[in-house]
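Just so you know, these numbers come straight off a predicted model, no measurement behind them.
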Amino acid sequence: MSKKLPKRNENYSEWYQELVIQADLAEHSAVSGCMVIKPYGYGIWERMQQILDQKFKETGHQNAYFPLFIPKSFLSKEAQHVDGFAKECAVVTHHRLKNDPNGKGVIVDPDAKLEEELIVRPTSETIIWHTYKKWIQSYRDLPLLINQWANVVRWEMRTRLFLRTTEFLWQEGHTAHATQEEAIAEAKQMLEVYADFVENTLSIPVIKGVKTENERFAGALETYCIEAMMQDGKALQAGTSHFLGQNFAKAFDVQYLNKNNQLEYVWATSWGVSTRLMGALIMSHSDDDGLILPPNLAPIQIVFIPIYKTNEEYAEVMDKLESIADLLKSEGFRVKIDNDDSKRPGWKFAEWELKGVPLRFSLGPKDLKNHQIEVFRRDTKEKSFIPIENIVSNYISMLLNDIQKNLFNIAQNRLKERTIYVDSYQEFKNSLDNDCFVMAHWDGTTETELLIKEETKATIRCIPLDSPFEEGKCVKTGKPSQRRVLFARAY
RNA sequence: CGGGAUGUAGCGCAGAGGUAGCGCACUUGCUUGGGGUGCAAGAGGUCGUGGGUUCAAGUCCCGCCAUUCCGACCA
C-alpha cells in the first residue's frame, strides 16, 4: 500500500524513474548527476559483468586496468577524438586542500596547482594507446586483445538514472591488430558477442548496423552498433563496437615490424557496453507492477515464500522449502527463501514482483497436506499448483526457459509491429508520432540527416547490416538511395 | 544554457504571520499471517541558506545554494 508505481501509459518517464527507485536498483546521490547503485541493482549489473566477462575471455581477451586520469595533452593527440569529448570533461587542476584561513572549512590550495591538468577519463583510448606504444614492437606482439572494467565520467547537461549519468560503469575493449581485415573482423565479432548477450541473456531483440558518419564515434572509421526498441517506441543504443583504423596508432606512434622487417602502423578497435544496459532491461520488459527480469540474468531466479501461523507450521514448511531450495541450488539455480518473519506473505508477493523475480513458489500447511506448491510466473502472472515431487531440475529449467523466450517474443513482436517501412515524409512523421521505428530511404548526406533531426527529432539509429539493396528515393529530398536506413527517436 | 517545480521528521507531503503537523517507515505490546493486517502506546525537528520587514517569520520581501522535471546538448 505504501508503494504505488505510476502507470506506463500515463507518464512513461515518471514510471521509469519511480521503478528504479522503488525496486531498489539505484537512487540519486549527493553529487549532482551521479547515482548510488544499490545492492539489488548492482547484483543485476554483476550478473551482466560475469556473463560478458566470460564471453570476452572465450574470445581471447584479457582484462587489465588503466588509470582514471588522463594527461590533458593526451586527449588532443587525435583531433576528432578531442572534438567529440572536450565539452564534457571533468578536469583536475589541483592536488591539495588546506584549511580556510578566513574561517571554517577547507579551500583549494593555490600552491598545489598541477603542472598539467588531468582529465577524468571519458573513455580510455588515449591513455591505452600511449601504453600500447611500449607494448608493441613486432608482429609477434599482435593481436593485443585487452578489456577493462571501469568507471568513466562524461559531464552531460541532463542525466537520468542508468540511462545517462555523469559517472557510469562500463567495460571498454581495446585491441590492436596487424591488418585492417583482422581489426574489422574483431569489431564485427564483438558486435556479435553483444548482440548474442543482449538477445539471449537480456531477452531484448536488437538491430545490428553501422552508424552514419554523423553518429560515428569520435576517432572511428566505422561504428557498429546494436539498437533496441523500448516500450515507448524510442530507440536505445545498447552497445557499440568501433573500427578505429590507424587513427590512434598514428596519433600515438604505435608501429610494429612485420615479417618482412618493414614498419607498419597497427590497426585498432574499441568496444563497450555500460550500466545503460540496466535502462534497456527495465524499459524492455517491466510493467506497472514493477521490474521483470529474464531468468538467464536474474540474480534470484526463484523466491520461496513460507506461509504459516504457528511455530510448528513454520518448522514443517521451512523444512520442506529448504530441502527443495538446496536441491535446486545444487543444480545451479539461483534461489532465495524469504523467511523474514517481520513481513507478511502479501507484502512479500508485492515486493518480489516489484523486484522482478521470474518465479515465486509459496508453500503453506494446506499445500503440505496436498503435496503441492503454488507457482507464480512474474511475466504472465499465472498461478498454478504443482505436485511437490514435480519440482525438479527439468521442470524448473523448462519453466525458466519459457519465461526467457516469452519475454524475448513479446519484445520482438513489438519491434516487428512497430517498425514501419515508409516512402513519404508525411508517413515518416506519422509513424514516428505513433512511437514507431521507421525504415526509409535517405540520400546519404549529413545535411539531410541533420535536417530530418531538426524537423522530427528522429536520428538515423543505424544502417542495418541486413538492409538489402533497394532502389529508392530519399524520403526528404527525393534524391536516389540504394537502401533503407533505420530512423527513430532515441534515448 | 533556457523554462517549470521543489527544499519542513528516515521517506512522501500538508501548514500561507501567533504552541511544529499528517501518512508511511521506525520502537514496544497485543493481534494478524494463502495478495502490501488491525489496534494501542512511543521515539524522532536549528522548517536549505544569508539578509530584510514585523511586537512576532516555515509562513511576507530580496539574494544565494542545492535538487529535480521538461527542452537544448549527448561518441
Any A:K87 side-chain nitrogen or oxygen under 4.0 Å from OP1 or OP2 of B:A72: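 Looking at the OP1 and OP2 atoms of B:A72, neither is under 4.0 Å from any side-chain N or O of A:K87.
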Partner of [N] by Watson-Crick or G-U wobble geometry, both contacts under 3.5 Å, or none?
N: B:G2; result: B:C70
N: B:A20; result: none
N: B:G45; result: none
N: B:U37; result: none

Touch class at under 4.0 angstrom, heavy-atom based, for A:S13 against every strand present: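 Sugar-phosphate contact only - A:S13 comes under 4.0 Å of backbone atoms but never of a base.
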Touch class at under 4.0 angstrom, heavy-atom based, for A:R360 against every strand present: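 Counting heavy atoms under 4.0 Å across all strands, the contact made by A:R360 includes a base.
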Rounded interatomic separation in angstrom, taking CG from A:D340 and P from B:C26: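 One finds 10 Å between P of B:C26 and CG of A:D340, rounded.
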A:D287 side-chain N/O to A:D289 backbone N/O, donor-acceptor pair under 3.5 Å: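 Side chain of A:D287 to backbone of A:D289: a pair is present.
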Closest to side chain of A:R158, choosing from B:C70, B:G35, B:C74: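 From the listed options, B:C70 comes nearest.
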Of the listed nucleotides B:U37, B:G36, B:C1, the one nearest the side chain of A:M157: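 Given the options B:U37, B:G36, B:C1, the side chain of A:M157 is closest to B:C1.
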Could I get a table of every N or O pair under 3.5 Å where one atom is in the protein and the other is in nucleotides 65-68 of chain B?
{"residue": "B:U67", "atom": "OP1", "partner": "A:S32", "partner atom": "N", "Å": "3.3"}
{"residue": "B:U68", "atom": "OP1", "partner": "A:H28", "partner atom": "ND1", "Å": "3.2"}

Centroid-centroid distance, A:H81 to A:W129, less than 6.0 Å: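 No, ring centres 6.0 Å or more apart.
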Please list, for nucleotides 4-10 of chain B, all pairs of protein and nucleotide N/O atoms separated by less than 3.5 Å.
none

Distance-only donor-acceptor test, A:D289 side-chain atoms vs B:G35 base atoms, 3.5 Å: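 When only heavy-atom distances are counted, A:D289 does not reach the base of B:G35 through any donor-acceptor pair under 3.5 Å.
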